[in-house]
Amino acid sequence: MKDNIVTVQHLSFTYKDTKHPAVNDVSFNIPKGSWTTLVGHNGSGKSTIARLLDGILLPDENSETLIQIDGITLNEKTMWDIRDKVGIVFQNPDNQFVGATVEDDVAFGLENRQVPRLKMQTIVHDVINQVGMLKFQKSEPQYLSGGQKQRVAIAGILAIGPKLIILDESTSMLDPAGKDKILALIKKVQKENGLTIFSITHDINEASQADQILVLNQGTLLASGSPIEIFKDESLIKSAGLELPLFYKVKNKLIKRGISVPQEIDNEKKLVNYLCQLNLKM
Amino acid sequence: MSIKFKNVDYVYAPGTPFQTQGLSNISFEIKDGSFVAIAGHTGSGKSTLMQHFDGLLLPSKGSITIANQTITVDTPNKVLKEIRKKVGLVFQFPENQLFEETVLKDVMFGSLNFGFSEEKAKEQAIRWIEKVGLPEETMSKSPFELSGGQMRRVAIAGVMAYEPDILCLDEPAAGLDPEGQKQIFDIFKNYQKLGHTVILISHNMDDISKYADDMLVLEQGHMIKHASPKEVFSDADWVKKHYLDEPAPSKLARSLQKVGFHFSSMPLTVESLVEEISKELRAKGGN
């Protein structure tokens, strides 16, 4: 399929010494240019899927299994090509630094790929600028705040010029203000660089801004759809160990009380506007 | 016996070029058995304040009365150890501090340190491992084999196992999924119901308004408010002036107020928000 940057079919993975698969026969697509969010509680198999997409883990053997990224089928031979197309921002900002300074760290991926020095300098400067960290170019990563560390991690990924960025709980260790800033930054670079974002999270407010949501529970895909479709069903979200975003809770509870609220309302602003008009009409 | 801070100052690195004022003239009193939240921006002094509760930091000026003892700049270590037995601190991301070979040993460590017998420490550890919702079979495992959420619980159990009168928590739910967050907050709330005092540092105003009786708000080392969450969040201008976040239901209520809704009191929970909206719509519909 041309319009999907990721196609996953019949994907399963079982950790060594465990009986039950952590990921169980999962199939999904990620449309090119979309923000797709995979939600599920801690231990639902979310991060395992991220690692399977990047070839860090290899799926259980099954002839029907397929992982295709930007037209390339993932296998041992193509793994390195795929890693040029996929960047992962991990949860813990402290666990992803190798360089002694911010610019060294950002250059690491380029050095690995033997990019010529002059070109490397230009790229490093550009991506550090893009994430708003030029002032900290020469700083040591360990003295940065959690949010700044994630910015550096994102710069390191942008330097490689990927097509797809996977966010593996990348904002869950940040405070609310830090979270919002990182999400805004990722939206900005998504637009500027024409990227697809695959975000793995249990932050339901983040999920409500996605184009597509996949709900995972105990390794199985429970549902997929737009936020409106997914958040209609509170029991589905609860069974996945998650909570609805506040305005969906309010919307659903008002409907239960017999107040008509149209289903297509998919953000807080629309809900406020609608209730305002309802209030004026009465 | 309540907890009393009297004109507490704390200065980092006094007499050096790096000297900074961590806390300035902090005074308050917390009733025994209450659930108190400490709120404020990153760098406002929340963690500095928390480290005064068990004498990890000593006030540069002023005094603290806690657990029948007084802490000043001169308090000797022997007294501090007595205090630390009664005041348990759970730091941010406490799972980074696990170190023992097994979960059971790790949870017993604090109790043993405070002079519990081996037998008693084990009994307490087993009880609290269960209470924080860890399956029995994790006891003999290495803490490093567990998931992040489970490691967090091990670290929390390690402090709760010696059942301190005062439990201080720094962002205990950060990074946990919604169900995990609710479970551990229920544990803390129950701990309060058993007669203990709980002090919570949090950025999450929803959690604060849900669980805390009282909140202390810090700004650049000064305490700028000591009131119930309801009082704090009903003063919209004040909240805005100090760039504080609001509980999500209040935020939505505020947007509705702007477009003509009237609320008798500022809703802090989804239930009260939905109730207020329906009331308003019904009141008008009836006219």
Side-chain angles (χ1 to χ4, degrees), chain A residues 17 39-44 46-47 91-92 94 145-147 169 171-180 201-205 237-261 268-269 271-282, chain B residues 41-43 92-93 95-96 145-152 171 173-183 202-206 243-245 247-262 267 269-271 273-287:
Chain A
D17 307 324
V39 295
H41 60 81
N42 293 31
S44 58
K46 300 188 301 287
S47 297
Q91 176 177 27
N92 191 337
D94 291 322
S145 74
E169 299 278 9
T171 63
S172 77
M173 289 181 134
L174 306 179
D175 62 37
K179 225 173 247 196
D180 291 345
T201 183
H202 50 64
D203 181 345
I204 211 73
N205 289 317
I237 291 301
K238 278 214 165 133
S239 68
L242 299 168
E243 258 190 76
L244 281 181
L246 176 85
F247 74 93
Y248 277 103
K249 275 191 206 163
V250 173
K251 173 182 162 188
N252 294 351
K253 279 190 203 286
L254 287 173
I255 293 173
K256 245 191 206 157
R257 286 186 175 225
I259 295 165
S260 80
V261 183
E268 194 165 312
K269 220 175 174 177
L271 182 66
V272 168
N273 285 340
Y274 174 77
L275 289 174
C276 165
Q277 290 184 354
L278 197 63
N279 198 18
L280 289 176
K281 264 191 238 156
M282 288 210 161
Chain B
H41 293 280
T42 307
Q92 213 172 353
F93 304 117
E95 56 274 20
N96 295 339
E145 282 174 45
L146 306 179
S147 74
Q150 287 177 321
M151 284 166 78
R152 178 78 53 87
E171 296 282 3
L176 297 183
D177 61 34
E179 201 167 88
Q181 294 189 3
K182 190 178 173 300
Q183 281 169 1
S202 179
H203 276 107
N204 188 322
M205 300 302 169
D206 288 300
Y243 302 100
L244 282 184
D245 208 8
S250 314
K251 257 189 243 169
L252 183 52
R254 194 91 58 211
S255 315
L256 286 168
Q257 271 180 337
K258 275 189 201 138
V259 296
F261 272 75
H262 299 280
T269 62
V270 187
E271 285 70 27
L273 174 61
V274 170
E275 183 60 44
E276 289 282 339
I277 297 174
S278 338
K279 235 200 281 177
E280 171 103 353
L281 292 175
R282 232 182 294 131
K284 293 220 174 150
N287 285 338

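Atoms considered below: every heavy atom in the structure, side chains included; atoms not considered: hydrogens, waters and symmetry mates. Naming: A, B, ... by sequence-line order, numbering from 1 per chain.
Between chain A and the residues B:Leu176, B:Asp206, B:Asn204, B:Ile277, the most heavy-atom pairs under 4.5 angstrom are made by B:Leu176. Most heavy-atom pairs under 4.5 Å with chain B, from the set A:Ile259, A:Leu271, A:Leu174: that is A:Ile259.
With sequence neighbours left out, the ring-ring contact (aromatic ring centres under 6.0 Å, His included) criterion links A:Tyr248 to A:Phe231.
The 12-atom threshold is exceeded at NZ of B:Lys251, counting heavy atoms of other residues, nucleotides or ligands nearer than 6.0 Å.
For A:Leu242, the parts lying under 4.5 angstrom from a heavy atom of chain B are both the backbone and the side chain. Of the two parts of A:Glu243, the backbone and the side chain both hold a non-hydrogen atom closer than 4.5 Å to a non-hydrogen atom of chain B. Only the side chain of B:Leu273 comes within contact range of chain A, with at least one heavy atom under 4.5 Å from a heavy atom of that chain. Contacts of B:Ser278 with chain A are made by both backbone and side-chain atoms, with heavy-atom separations under 4.5 Å. For B:Gln257, no part lies near chain A; criterion is any non-hydrogen pair under 4.5 Å.
In plain terms, the two heavy atoms of B:Val270 and A:Lys253 that are nearest each other are CG1-CE, 3.8 Å. For the pair A:His41 and B:Asp177, the tightest heavy-atom approach, listed with the atom from each and the gap, is CB-OD2, 3.0 Å. Residues B:Pro178 and A:Gly241 come closest through the heavy atom pair CD-O, 4.0 Å.
Classification of B:Glu276 and B:Lys279 as a salt-bridged pair holds, one side-chain N sitting under 4.0 Å from a carboxylate O.
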